[in-house]
Participant: 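Below is the structure I would like to discuss, written out as structure tokens.
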Amino acid sequence: MTPSKKQIFNTLNTTTHRVNENISPSLFSDTNPTETNNTEFWYYSDLYNLFGTPRFDISNAREHTYQSFDFSPTGKREQFDFIHQHRQIIQRKYSITLPHTPFDQITKPGTDIKLTRYACWCIFNQHPSLIFTQTYFMNPEIDFQTLYKISYEFARVYQRKRYKEVEKQLSGILNKIDANIALFKSHLDKVFYLGRTHDELRHAYNLPKQNGVPLADHMGAISLHARRTAIERAIEKFQICPIRTFRAFAYIAQEEIHNARMKMISEYKITPERDIYKKTVSTVASELKQMQKNFIKKYAYQDIRGK
């Protein structure tokens, strides 16, 4: 189970270390303090305790971290020395939470790994759904509210991609049952947005009406996720339904969309018609890509080794 964003933020803040944290200040005036290695790092065991399996595997930590280095400055995964700039395999005593009930915590000596900020980002970059954590590592010294706002914008990119995939599945089913796809989706829109049409929503948010950009490209991450999962559940129910007609599917889909709307209101205190943004998903994707480039440029050349 993924921990809450607040728990992730607080835990990562409290488990960070610096290479020089156990080095006493020099008594000699000719020592240059700027030469001290102040690189941040996190222990693999702490990340494992926070996120658990299957995202982390304490028994296979070496291979897991090695395989995560898809993003080096030159794009070459085989850069052995580059990888060792960002991870340091050590032996130490640490505590881990067992992955099965009763989830006891044990302390034992074993292999652990120090991981730089860049290495941590590489690991979490393999999990698009964990964009909050990716954004955390790309933005040091950021407060929780700002981080939440930025990462929520970025979450739209992943959720929009997943929504496109389920839209294709939906169109395929509607074709098979000889349904009017545009009319069917319009009906679901009215259920999801409580009777409001796309044109009405575009007018309310001052969005261009004929720029070729669908309203889904303006939806927030919560409503994209809610609508996607509702359609997925509708498809699953229809596949085992004894009556495979358009009317049967329309009833199932309408019910799931309605439930998704009510769940949004209950859990997030927001309605789908309030979760719309002027900025398109493609614009947000460009901003995310630029942030990644800036982060790589600044942190890819740190070295966890040395003083």
Side-chain angles (χ1 to χ4, degrees), residues 1-19 21 39-72 77-80 82-140 142 144 147-148 151 154-155 157-159 162 221 225 288 292 295-296 299-300 302-305:
M1 183 176 179
T2 302
S4 69
K5 291 177 175 59
K6 191 66 175 180
Q7 183 182 356
I8 293 171
F9 181 81
N10 290 337
T11 302
L12 292 177
N13 278 349
T14 56
T15 56
T16 183
H17 302 270
R18 292 188 182 273
V19 172
E21 64 187 5
T39 299
E40 288 178 284
F41 70 87
W42 285 258
Y43 286 111
Y44 186 93
S45 57
D46 287 332
L47 298 178
Y48 169 84
N49 285 333
L50 180 57
F51 290 94
T53 56
R55 293 190 174 102
F56 285 83
D57 183 358
I58 197 70
S59 64
N60 196 35
R62 291 174 184 245
E63 185 65 18
H64 177 206
T65 54
Y66 180 82
Q67 291 179 346
S68 297
F69 277 87
D70 285 334
F71 291 87
S72 67
R77 287 189 59 185
E78 62 270 24
Q79 290 185 350
F80 182 84
F82 174 78
I83 292 174
H84 283 266
Q85 286 179 216
H86 293 281
R87 74 168 192 176
Q88 185 178 24
I89 299 171
I90 62 169
Q91 297 296 315
R92 76 182 191 108
K93 183 180 288 187
Y94 56 86
S95 297
I96 60 168
T97 303
L98 297 177
H100 307 294
T101 52
F103 303 107
D104 292 333
Q105 192 169 73
I106 63 170
T107 301
K108 67 172 187 176
T111 300
D112 207 349
I113 303 178
K114 295 179 179 180
L115 298 161
T116 65
R117 180 177 290 274
Y118 179 83
C120 291
W121 173 76
C122 285
I123 291 173
F124 287 99
N125 204 57
Q126 312 298 309
H127 303 282
S129 61
L130 296 179
I131 188 63
F132 177 86
T133 310
Q134 293 175 41
T135 310
Y136 171 91
F137 284 111
M138 287 191 291
N139 293 273
I142 192 172
F144 176 77
L147 176 62
Y148 184 91
S151 64
F154 291 159
V157 178
Y158 169 69
Q159 292 297 340
R162 295 290 307 277
H225 177 267
L288 173 58
Q292 291 171 338
F295 171 75
I296 291 172
Y299 287 94
Q302 287 188 328
D303 197 331
I304 201 171
R305 300 167 297 182

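These numbers come from a predicted model, not from an experiment.
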Participant: Does Lys6 NZ have over 12 foreign heavy atoms under 6.0 Å away?
Facilitator: yes

Participant: Please report the closest heavy-atom contact between Asn49 and Ser95, naming both atoms and the distance.
Facilitator: ND2-O, 2.8 Å

Participant: Only one of Leu130, Thr133, Leu115 clears side-chain contact (heavy atoms from CB on, under 4.5 Å) with Ile123; which?
Facilitator: Leu115

Participant: Between Phe124 and Tyr136, is the ring centroid distance below 6.0 Å?
Facilitator: no

Participant: Given Arg87 and His84, is the side-chain contact (heavy atoms from CB on, under 4.5 Å) satisfied, shown in steps?
Facilitator: CA-CA 5 Å; Arg87 74 168 192 176; His84 283 266; 4.3 Å; yes

Participant: I need the Ile106 CD1 to Ile96 CD1 distance, nearest 0.5 Å.
Facilitator: 4.5 Å

Participant: Counting distance only, does the side-chain N/O of Tyr44 pair as donor-acceptor with the main-chain N or O of Asp57 below 3.5 Å?
Facilitator: yes

Participant: With rounding to the nearest 0.5 Å, note down the distance linking CD1 in Ile131 to CZ in Phe154.
Facilitator: 6.5 Å

Participant: If you round to the nearest 0.5 Å, how far is CZ of Arg162 from OG of Ser129?
Facilitator: 8.5 Å

Participant: Is the backbone of Ile8 close enough, under 3.5 Å, to the side chain of Thr11 for a donor and an acceptor to pair up by distance?
Facilitator: no

Participant: What are the two closest heavy atoms between Cys122 and Ser68, and how far apart are they?
Facilitator: CB-O, 3.5 Å

Participant: Would you please test Phe9 and Phe132 for side-chain contact (heavy atoms from CB on, under 4.5 Å) and show each step?
Facilitator: CA-CA 9 Å; Phe9 181 81; Phe132 177 86; 4.2 Å; yes

Participant: Quick one: pull up OG1 in Thr39 and CZ in Arg117 and give me the separation to the nearest 0.5 Å.
Facilitator: 11.0 Å

Participant: Can you tell me if Arg62 uses its side chain to pair, donor with acceptor, with the backbone of Ile113 under 3.5 Å?
Facilitator: no

Participant: Does the Thr16 side chain pair with the main chain of Leu12, one donor and one acceptor, at a distance under 3.5 Å?
Facilitator: no

Participant: Tell me if a side-chain donor or acceptor on His225 pairs with a main-chain N or O of Gln159 at a distance below 3.5 Å.
Facilitator: no

Participant: Working to the nearest 0.5 angstrom, can you tell me the gap between Asn10 CG and Thr15 OG1?
Facilitator: 10.5 Å

Participant: Using 0.5 Å steps for rounding, measure from the CE atom of Met138 to the CD atom of Gln292.
Facilitator: 5.5 Å

Participant: Testing the 3.5 Å rule here: is there a donor-acceptor pair between the side chains of Tyr94 and Asp46?
Facilitator: no

Participant: Would you say that Thr65 contacts Ile89 through its side chain, given a criterion of any heavy-atom pair below 4.5 Å between the two side chains?
Facilitator: no

Participant: Show the numbers, then the answer: is there a ring-ring contact (aromatic ring centres under 6.0 Å, His included) between His127 and Phe51?
Facilitator: CA-CA 12 Å; His127 303 282; Phe51 290 94; 8.5 Å; no

Participant: Can you classify the ring geometry of His17 versus Phe41 as parallel (below 30°), tilted (30 to 60°) or perpendicular (above 60°)?
Facilitator: parallel

Participant: Please check if any side-chain donor atom of Gln91 sits under 3.5 Å from a side-chain acceptor atom of Thr111, or the reverse.
Facilitator: yes

Participant: For a ring pair (Phe, Tyr, Trp, His ring centres under 6.0 Å) with Trp121, tell me which candidate from Trp42, Phe295, Tyr299, Phe137 qualifies.
Facilitator: Phe295

Participant: Going by side chain to side chain donor-acceptor pair (under 3.5 Å), name the residues that satisfy it together with Ser45, two or more places apart in sequence or in a different chain.
Facilitator: Arg92, Asp112

Participant: Run the side-chain contact (heavy atoms from CB on, under 4.5 Å) test on Asp303 and Thr116 for me, step by step, so that the C-alpha distance in whole Å, both residues' side-chain angles and the decisive distance to 0.1 Å come before the verdict.
Facilitator: CA-CA 8 Å; Asp303 197 331; Thr116 65; over 6 Å; no

Participant: Between Gln302 and Gln85, is any pair of side-chain heavy atoms under 4.5 Å apart?
Facilitator: no

